[in-house]
2 protein chains.
Amino acid sequence: MEVCITSLLRDRGFKVTPQRLAIYNMLSSTKSHPNAEMIFNELQAMYPTMSLATVYKTMEILKEIGLVQVLNAGEDSFRYDAVMTNHPHVRCTECGQVEDVYDINIDAFVNEVSQGTKYQIMGQQFYFHGICPTCQRKNSN
Amino acid sequence: MEVCITSLLRDRGFKVTPQRLAIYNMLSSTKSHPNAEMIFNELQAMYPTMSLATVYKTMEILKEIGLVQVLNAGEDSFRYDAVMTNHPHVRCTECGQVEDVYDINIDAFVNEVSQGTKYQIMGQQFYFHGICPTCQRKNSN
DNA sequence: TTTTTTATAGAAAACAATTATCGAGTAGTT
DNA sequence: AACTACTCGATAATTGTTTTCTATAAAAAA
């Protein structure tokens, strides 16, 4: 993993720094789709001098070299995902958590849209919203 | 149309004001999915004292009474749509315009996701991005 | 219609997410 | 070890959005 990001950075003329590795490692080992602030908060314990600006700048680079994708699930901040396969996401409107939607084949649907529009489709994002199992349980009590 | 919005506002205890009618009329007569600033700019000629805050507050109300939906096509601002049917949108990554995707039946896909997740799905937003016909033509010159 | 009540418009300030600036420091190269 | 260029992080700046406050306009009451 680190070999991968290390060489990807170097090949593009970016330097390999502890902050960048830490940010990418944190992101690739969580399924919480954190935003910049969540990443910043989590890393502050280990890297007390970490700055939010560094998180943003690093995300910009990681996006550029294709290691993260940016999510925009209708909130006021962007979330980040180190899983690069394009899958739908679902956000709980009560607790705010964002999860992956697994086992869904989107190709047929994407193809249908691609053929039905005059746009040259380059990508897509599917966002569902609803109530997560935990909040459903809370509500029924 | 105006009868509709007028009574919808009154029934909920909101007052019917020229600004609110103007904002809704402008939105419902365009397909450009404008953001707050675009709405503000367009109305400034006719309503010179119009304020951006009024646009935002009005959109909040219109969303609440179910007359507009909020779009978030991966940009840094929200767009608004007076068409309430839930259809996919496509954004041109070059010129930035956002258009509707017509003639696509999303029900089957939505159902598949609904059944494959433990969430209680309440809604969804599908965003595609690519290059619009106009920009494609520009590029090939 | 006139009066009274209550919500609203709009200016300005506050806020929050993100980006830009810049000097000190560090990674990678020689 | 020394050099060079990139990066970090503090701070300021920007941008989209929300809040506050008060004169005023809309709805209700008289």
Side-chain angles (χ1 to χ4, degrees), chain A residues 2-3 5-24 26 33-65 68 70-80 96 98, chain B residues 2-3 5-26 33-41 43-65 68 70-80 96 98:
Chain A
E2 294 216 359
V3 174
I5 175 175
T6 295
S7 53
L8 272 173
L9 283 169
R10 275 213 191 101
D11 291 353
R12 298 278 204 117
F14 297 114
K15 289 192 172 162
V16 178
T17 69
Q19 290 89 339
R20 288 175 183 169
L21 295 178
I23 289 170
Y24 181 71
M26 183 269 167
H33 310 91
N35 58 25
E37 201 181 354
M38 294 156 89
I39 297 172
F40 170 71
N41 287 336
E42 177 131 354
L43 291 178
Q44 197 144 40
M46 197 80 92
Y47 297 80
T49 73
M50 173 75 67
S51 152
L52 246 184
T54 300
V55 175
Y56 281 111
K57 282 186 273 198
T58 299
M59 298 317 306
E60 182 64 33
I61 291 174
L62 292 178
K63 179 179 66 178
E64 206 177 312
I65 63 182
V68 311
V70 181
L71 308 182
N72 196 325
E75 302 166 295
D76 46 9
S77 66
F78 291 95
R79 288 172 177 261
Y80 303 95
V98 172
Chain B
E2 293 217 359
V3 174
I5 176 176
T6 294
S7 53
L8 272 173
L9 283 169
R10 278 215 189 98
D11 291 353
R12 299 278 204 116
F14 296 116
K15 290 186 173 166
V16 178
T17 68
Q19 290 88 341
R20 288 177 182 169
L21 296 178
I23 288 171
Y24 181 71
N25 285 339
M26 182 269 170
H33 310 91
N35 59 22
E37 200 181 355
M38 294 157 89
I39 297 171
F40 170 72
N41 287 335
L43 292 178
Q44 199 144 40
M46 197 81 91
Y47 298 80
T49 73
M50 173 73 69
S51 152
L52 246 184
T54 299
V55 175
Y56 281 111
K57 283 186 274 199
T58 299
M59 298 317 306
E60 182 65 32
I61 291 174
L62 293 177
K63 177 178 66 177
E64 205 176 315
I65 63 182
V68 309
V70 182
L71 308 182
N72 196 324
E75 301 166 295
D76 47 10
S77 66
F78 292 96
R79 288 172 178 260
Y80 303 95
V98 173

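Each chain gets a letter, A, B and so on, in the order its sequence line appears, and its residues count up from 1. Note that the coordinates shown come from a computational prediction; the quantities given were computed from them, not determined experimentally.
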Atom pair CD1 (B/Ile65) and CG (B/Asp11), whose distance is rounded to the nearest 0.5 Å: 9.5 Å

Take atom CZ of A/Phe78 and atom P of D/dT15, then tell me their distance rounded to the nearest Å. 15 Å

For the OG1 atom of A/Thr6 and the CZ atom of A/Phe14, what is their distance to the nearest 0.5 Å? 14.0 Å

Tell me whether the OP1 or OP2 atom of D/dT15 has a side-chain N or O from B/Ser77 closer than 4.0 Å. no

Sub-3.5 Å pairs of nitrogen or oxygen atoms, protein against nucleotides 3-5 of chain D:
| from | atom 1 | to | atom 2 | distance (Å) |
| --- | --- | --- | --- | --- |
| D/dA5 | N3 | A/Lys15 | NZ | 2.9 |

Are side-chain heavy atoms of A/Glu37 and A/Asn41 found at a separation under 4.5 Å? yes

Show me the side-chain donor-acceptor pairs of residues 54-61 of chain A shorter than 3.5 Å, one per line, residues at least two apart or across chains.
| from | atom 1 | to | atom 2 | distance (Å) |
| --- | --- | --- | --- | --- |
| A/Thr58 | OG1 | A/Thr54 | O | 2.8 |

D/dC6 P sits how many Å from A/Arg10 CZ, rounded? 15 Å

For B/Leu52 and D/dG16, give me the distance from atom CG to atom P, rounded to whole Å. 9 Å

d(CE, B/Met38; C1', D/dG16) in whole Å: 15 Å

CD1 on A/Ile39 to CE on A/Met50, rounded to 0.5 Å: 9.5 Å

Min and max contacting nt of DNA chain C in 5' to 3' order, chain A heavy atoms within under 4.0 angstrom, are C/dA17 to C/dG28

Could you tell me the separation between the CG atom of B/Leu52 and the CD atom of B/Gln44, rounded to the nearest 0.5 Å? 8.5 Å

Residue pairs fulfilling salt bridge (charged side-chain N to carboxylate O under 4.0 Å, His left out) with at least one residue in residues 39-50 of chain A, sequence neighbours excluded: none

Run the side-chain donor-acceptor check on residues 71-80 of chain A: report pairs under 3.5 Å with partners two or more places apart or on a different chain.
| from | atom 1 | to | atom 2 | distance (Å) |
| --- | --- | --- | --- | --- |
| A/Asn72 | OD1 | B/Asn72 | ND2 | 2.9 |
| A/Asn72 | ND2 | B/Asn72 | OD1 | 3.0 |
| A/Glu75 | OE1 | A/Arg79 | NE | 2.7 |
| A/Glu75 | OE2 | A/Arg79 | NE | 3.4 |
| A/Glu75 | OE2 | A/Arg79 | NH2 | 3.2 |
| A/Ser77 | OG | A/Asn35 | ND2 | 3.2 |
| A/Arg79 | NH1 | A/Ser32 | O | 3.3 |
| A/Arg79 | NH1 | A/His33 | O | 2.8 |
| A/Arg79 | NH2 | A/Gly96 | O | 3.1 |

Would you give the length of the straight line joining atom CG of A/Leu9 to atom CZ of A/Arg20, rounded to the nearest 0.5 angstrom? 6.5 Å

Contact residues, residues 53-61 of chain A to DNA chain C [heavy atom, < 4.0 Å]: A/Ala53, A/Tyr56, A/Lys57

For A/Asp76 and for B/Pro48, find the nucleotide of DNA chain C with the closest heavy atom, then tell me which residue's nucleotide is more 5'. B/Pro48

Rounded to 10 degrees, the angle between the two terminal axes of the helix from C/dT1-D/dA30 to C/dT30-D/dA1, each from five pairs: 40°

Rounded interatomic separation in angstrom, taking CD from A/Glu75 and C1' from D/dT17: 16 Å

Can you work out whether A/Val16 or B/Pro18 has the more 5'-proximal nearest nucleotide on DNA chain D? A/Val16

Atom pair CG/CE of B/Asn25 and B/Met46 - distance to nearest 0.5 Å: 10.0 Å

Does the side chain of B/Gln19 reach to within under 4.5 Å of the side chain of B/Ser51, using non-hydrogen atoms? no

Would you say D/dG9 has OP1 or OP2 under 4.0 Å from some side-chain N or O of A/Gln19? yes

